[in-house]
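What follows is a single structure, written as structure tokens, with notes after it.
Both counts, for ligands and for their atoms, begin at 1 and track the order of listing.
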Amino acid sequence: MSTAAIHAGWGPAADGHRALTPPVYTSSAYAQTSHSSLKALFERRTEGFAYSRSGNPTTAVLEQRISALEQGIGAIAVASGQSATTIALCALAAPGGHVVASSLLYGGTTELLDDTLADFGVTCTVADPWDLEAWEAAFTDRTRAAIVESIANPGAQLVDLSALTDIAHAHDVPVVVDSTLASPALYRPREHGADLVVHSATKYLCGHGTTIAGLIVDTGRFDPRRRPERWQRLTAPNRRFGVTFADEYRRGGSGLLAYARAKYVTDFGTTLPAASAQQILVGMETLDLRMRKVSTDAAALAGRLHGLPGVSTVEHSSIPGRPDAHLAQRDFPRGTSGVFSLELAGGEAAAAAFCDALSLWTIAVNIGDARSLVCHPGTTTHSHLSEGQRSACGVRPGTVRLSVGLEDLEDLWADLVRGLEAAREVSTAVPATA
Ligand SMILES: Cc1ncc(COP(=O)(O)O)c(C=O)c1O
């Protein structure tokens with residue numbers, strides 16, 4: 001993993017100047033040698049770059065690198081993690097399809113399914129991924145995709161992905177795994193049956209909070225040719241593009257991603273700028289080292305917080321009694337990332353006092369930064385959800401999300417202790433029921 005994170009997709013031989021790191025190609029268009037060479041690109045008879053909205057040489061290096069790390073047959077880089085999820089779900093389920101969604105999802109994904117994709121006729125059933133019977137019962141004849149997070153944001157819940165994908169595959173439904181919190185350094189969804197992997201590369205792949213980016217990887221498990229009547233948009237000749245996208249599989253590529261790029265990336269225009277791709281590539285070089293440190297430090301901090309006065313619960317798989325403890329042992333031997341949450345007994349007032357008292361942890365709605373970050377999901381990332389949706393993913397009024405950065409563990413702990421003192425002062429001044 002750490003070798004591929006540095007070398008996959010680029011070597012000095014790829015460049016006339018033998019640049020060691022991939023150059024940033026800031027060109028909107030690419031000069032062609034003849035009229036017929038550009039025509040061939042538009043007719044999809046040859047490969048190459050015509051216009052950066054649909055592909056760019058720097059972005060292509062990032063696509064090759066994430067595909068190598070996730071053991072895929074191809075990848076697409078897009079402008080944000082949100083765009084990656086949108087395009088993956090549109091390519092599988094729009095128009096008019098049905099999606100089975102884990103109840104443990106990032107709030108933005110729940111909103112996307114609940115509101116915007118619903119506008120396009122995509123319906124959704126939410127199921128608890130820890131309840132396999134409920135998960136099974138959610139599938140219908142119209143289901144075209146299932147979506148789940150390998151480590152959920154913000155409660156760091158782990159899922160038994162092999163069990164969930166077995167059920168989905170029995171219904172011939174591909175599974176999209178949002179593996180943003182895990183990153184390929186900790187977990188490779190393909191090994192547990194995932195068909196597509198999406199990342200908010202904004203987070204750990206970037207690692208420094210500088211860039212918004214998203215990635216979609218096809219793991220090569222999904223083959224629409226097994227059910228051609230179900231996946232006609234891939235298996236039948238496409239009137240607009242004049243090709244059958246499933247032919248791409250015979251060339252070792254991904255028909256689904258070719259379709260997604262030609263249609264959705266190009267039409268929605270959610271292209272990743274080359275400079276952003278390069279920032280993510282630089283971040284990925286240190287991914288393995290960072291993930292080990294943040295995972296170890298998050299587990300240590302979660303353990304110290306557990307059971308302290310004023311702390312009702314700590315959501316981390318290492319905490320005694322968590323139903324996913326066995327999954328941490330079995331599937332996440334390298335750790336479970338630097339994100340976890342805790343619930344303060346004094347509700348939102350205590351959470352606010354806690355956040356405001358911190359000086360090293362910064363109040364910000366991001367995760368995976370080198371800096372440690374804190375936020376109150378109930379009024380930020382999950383604020384547009386109903387109370388029922390929030391409680392289904394473990395977000396309560398006193399819940400605070402922590403994203404452990406790369407600072408010294410004892411400095412981080414000293415700051416948290418200050419935060420807890422402030423939260424306790426509020427809790428004793430205001431009854432918890434208020
Ligand atoms: C798990 C997860 N998936 C997707 C996203 C969306 O990513 P982006 O902010 O890059 O659009 C986020 C953002 O917080 C996230 O935490």
Solution key, residues 108-118 side-chain donor-acceptor pairs under 3.5 Å, sequence neighbours excluded:
{"residue": "E111", "atom": "OE1", "partner": "H384", "partner atom": "ND1", "Å": "3.1"}
{"residue": "E111", "atom": "OE2", "partner": "H384", "partner atom": "ND1", "Å": "3.3"}
{"residue": "D114", "atom": "OD2", "partner": "Q389", "partner atom": "NE2", "Å": "3.1"}

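For N366, there are no side-chain hydrogen bond (donor to acceptor under 3.5 Å, both in side chains) partners two or more places apart in sequence or in a different chain. By the side-chain hydrogen bond (donor to acceptor under 3.5 Å, both in side chains) test, R225 is found to be paired with D223, residues two or more places apart in sequence or in another chain being considered.
For ligand 1, the protein residues placed under 4.0 Å by at least one non-hydrogen atom are S80, G81, Q82, Y106, E149, N153, D178, T180, S200, T202, K203, A213.
Between S254 and F245 there is no side-chain heavy-atom pair separated by less than 4.5 Å.
Using a cut-off of 4.0 Å between Lys/Arg side-chain N and Asp/Glu carboxylate O, E248 and R44 are scored as not salt-bridged.
Using modelled atom types, one side-chain atom of R65 and one backbone atom of A5 make a donor-acceptor pair closer than 3.5 Å.
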